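Scope of the values below: all heavy atoms of this structure, side chains included, with no hydrogens, waters or symmetry mates. Just so you know, residue 1 is the first one in the sequence shown, and it goes up from there. From a predicted model like this one, the values you see are computed outputs, not experimental measurements.
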Amino acid sequence: MLRRHARTACTVLAAAGLALAGLQAGSATAAPHDKDRAPTARTAADALGAASAQPGLLRAMQRDLGLTRAQAENRLANEAEAGAKAAGLRLDLGGAFAGAWVDGAESGTLTVATTRAADATAIRAAGARAEVVAHGLTALERAKEALDRAATAEAPVRYVDVRANVLVVEEARAGAGARLVAAAGVPRALVKVVRTAEAPRPLYDLRGGDAYYMNGSGRCSVGFPVTKGTTQGFATAGHCGRAGTSTSGFNQVAQGSFQASVFPGNDMAWVATNANWTATPYVKGSGGANVQVTGSVLQPVGSSVCRSGSTTGWHCGTVQQHNTSVTYPEGTISGVTRTTVCAEPGDSGGSYISGSQAQGVTSGGSGNCSGGGTTFFQPLNPILQNYGLTLRTTTGPGPGPGPGEPEPGGTWAAGKVYKAGDTVTHGGAAYRCLQGHQAQTGWEPSNVPALWQRV
């Protein structure tokens, strides 16, 4: 845990979309018809904004991931397609689903794991690589929950490594992992204990990534601008302030105050700003350029992700695991995403974005932007849902119904946060959500098959 006092920079060290690796499998369903399958890579990329990534984001991916511009563009498009495809397969496989990931290369090859060898043919037919493993994701996630309840800072990080099909416990002191496993009563065969020299901590330090100050002293970073009715503000990390904490902006002008905050448990908060501040649909990118935000679809394990913060600016890396649990000295937070993006004190609360899809806000981690490190972000969709916030986006109204199509109507509603597996009605038909996101005009179920499957 890194603490900085008055006038000291405090930050965060630095995986749906859906949290493919971290979501529990849904109930088994019949395979959908071909026409209901996720769209092609370019169709998904167009729908989710991956096909129109801005130059600043692409340059940062080139720098931090060693890509050419064409490779960065292809990677974003392929990751959008892989997320949509994996979401549909997760529903098809039900309890046998054991996670999914992309290879991180330009091709964006998707691998889907299952505990049933008979599923391999269907996985390959959907255009993914199949891997048969011993443990389902549900069993591993339940074991992790048991560890979370007994965890201490001696075993600070726990996550399901879907690639290895194992529950990983990082221990800061020899023997701590084994003691935790024994205390929680988790089968040792499910767990791999690894030693870490780093101790993750939150970093204390209306455009995403800009600085703000708490009570005129500590500094954090804006996550994503939001609205709540006519009130404007931004989402950020809960450890940056408590309800009632006043804030000033990057220019030290009075800005607003924290309306609600949760930490530990989660690491989420939101700040309402005064009339002098306007929420914009942008994140501060490389060189201060605006990077547009078009939605909040959480991307798969292996996807590229970039972070904006007020100390170290714009850096990129990849998603390692979703639904990670971290025990800081203040307590345990769950449901965060582990990444390879670097960060330093003062970056706390700042924006993580993949293509144009908002991912989350910086929580904590270890290392720095000179030598690298491991960092964690609190996913954004739970913040939006918990506080009834609407993400500011650049997405305009989508097309209306075509000839012969039913008029909109039903239970689907713009502004609502949906998670994978949720069902709605719209235009006289029923749909199942494939990837978690906040609904918006233009993303009606009939318009975006990357997010919704007709049932």
Side-chain angles (χ1 to χ4, degrees), residues 16-19 23 47-49 83-84 87 206-208 222-236 256 259-260 262 266 268-273 277-283 292-299 335 351-361 378-401 406-454:
L18 70 169
L23 291 177
L48 303 182
L206 269 158
R207 178 176 59 168
V222 173
F224 290 93
V226 298
T227 59
K228 185 170 186 177
T230 59
T231 301
Q232 303 192 58
F234 58 87
T236 189
Q259 301 301 294
V262 177
N266 299 116
M268 61 174 69
W270 84 282
V271 172
T273 58
W277 294 82
T278 300
T280 68
Y282 301 111
V283 165
Q292 66 177 350
V293 178
T294 65
S296 60
V297 178
L298 195 65
Q299 295 300 298
S351 325
Y352 280 76
I353 189 168
S354 182
S356 63
Q357 297 299 307
Q359 300 297 293
V361 301
Q378 162 70 56
L380 179 63
N381 284 326
I383 304 178
L384 301 176
Q385 183 173 35
N386 197 41
Y387 300 131
L389 306 173
T390 299
L391 177 67
R392 286 300 304 269
T393 69
T394 59
T395 306
E407 289 295 324
T411 60
W412 180 90
K416 184 174 180 180
V417 175
Y418 293 102
K419 61 181 183 298
D422 285 348
T423 57
V424 300
T425 58
H426 182 73
Y431 295 86
R432 180 181 293 111
C433 180
L434 295 176
Q435 306 191 77
H437 64 285
Q438 182 171 58
Q440 55 183 289
T441 301
W443 282 14
E444 291 82 0
S446 58
N447 289 338
V448 192
L451 300 179
W452 295 98
Q453 178 188 84
R454 188 165 178 168

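With sequence neighbours excluded, the residues satisfying side-chain contact (heavy atoms from CB on, under 4.5 Å) with T411 are V424, T425. The side chain to side chain donor-acceptor pair (under 3.5 Å) test applied to S354 returns no partner, not counting sequence neighbours. Scored by the side-chain contact (heavy atoms from CB on, under 4.5 Å) test, T423 finds R432 as partners (sequence neighbours excluded). Every residue two or more places apart in sequence or in another chain was checked for a ring-ring contact (aromatic ring centres under 6.0 Å, His included) with F224, and none qualifies. Residues passing the salt bridge (charged side-chain N to carboxylate O under 4.0 Å, His left out) test with K419 are D422, sequence neighbours excluded. Qualifying side-chain contact (heavy atoms from CB on, under 4.5 Å) partners for Q232, counting only residues two or more places apart in sequence or in other chains: T227, T273, T278, A279, R392.
Across all their heavy atoms, F234 and G223 have their closest contact at CD1-N, 4.4 Å. The minimum heavy-atom distance linking G208 with S351 is given by the pair CA-OG, 3.1 Å. Closest non-hydrogen pair, A272 versus T231, comes out as CB-CG2, 3.7 Å. The minimum heavy-atom distance between Q357 and G295, with the atom names listed, is OE1-C, 3.1 Å. The shortest non-hydrogen separation linking A420 to L434 is CB-O, 3.6 Å.
For Q359 (side chain) and Q299 (main-chain N/O), a donor-acceptor pair under 3.5 Å exists by modelled atom type. Using modelled atom types, no side-chain atom of Q435 and backbone atom of A87 make a donor-acceptor pair closer than 3.5 Å.
The distance from the CD atom of Q292 to the OH atom of Y282 is 7.0 Å, given to the nearest 0.5 Å. Note that the CG atom of L451 and the CD atom of E444 stand 11.0 Å from one another [nearest 0.5 Å]. S296 OG to Q440 CD: the interatomic distance, rounded to the nearest 0.5 Å, is 7.5 Å.
When ring centroids are compared, W452 and Y418 come within the 6.0 Å threshold.
Using a 4.5 Å cut-off on side-chain heavy atoms (C-beta onward), V262 and Y387 make contact.
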Evaluation steps, side-chain contact (heavy atoms from CB on, under 4.5 Å), between T393 and W443: CA-CA 12 Å; T393 69; W443 282 14; over 6 Å; no
V361 vs M268, side-chain contact (heavy atoms from CB on, under 4.5 Å): CA-CA, chis, key distance, verdict: CA-CA 8 Å; V361 301; M268 61 174 69; over 6 Å; no
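L391 pairs in a side chain to side chain contact (heavy atoms under 4.5 Å, CB included) with only one of the listed residues (L380, T294, I383, V417), which is L380.
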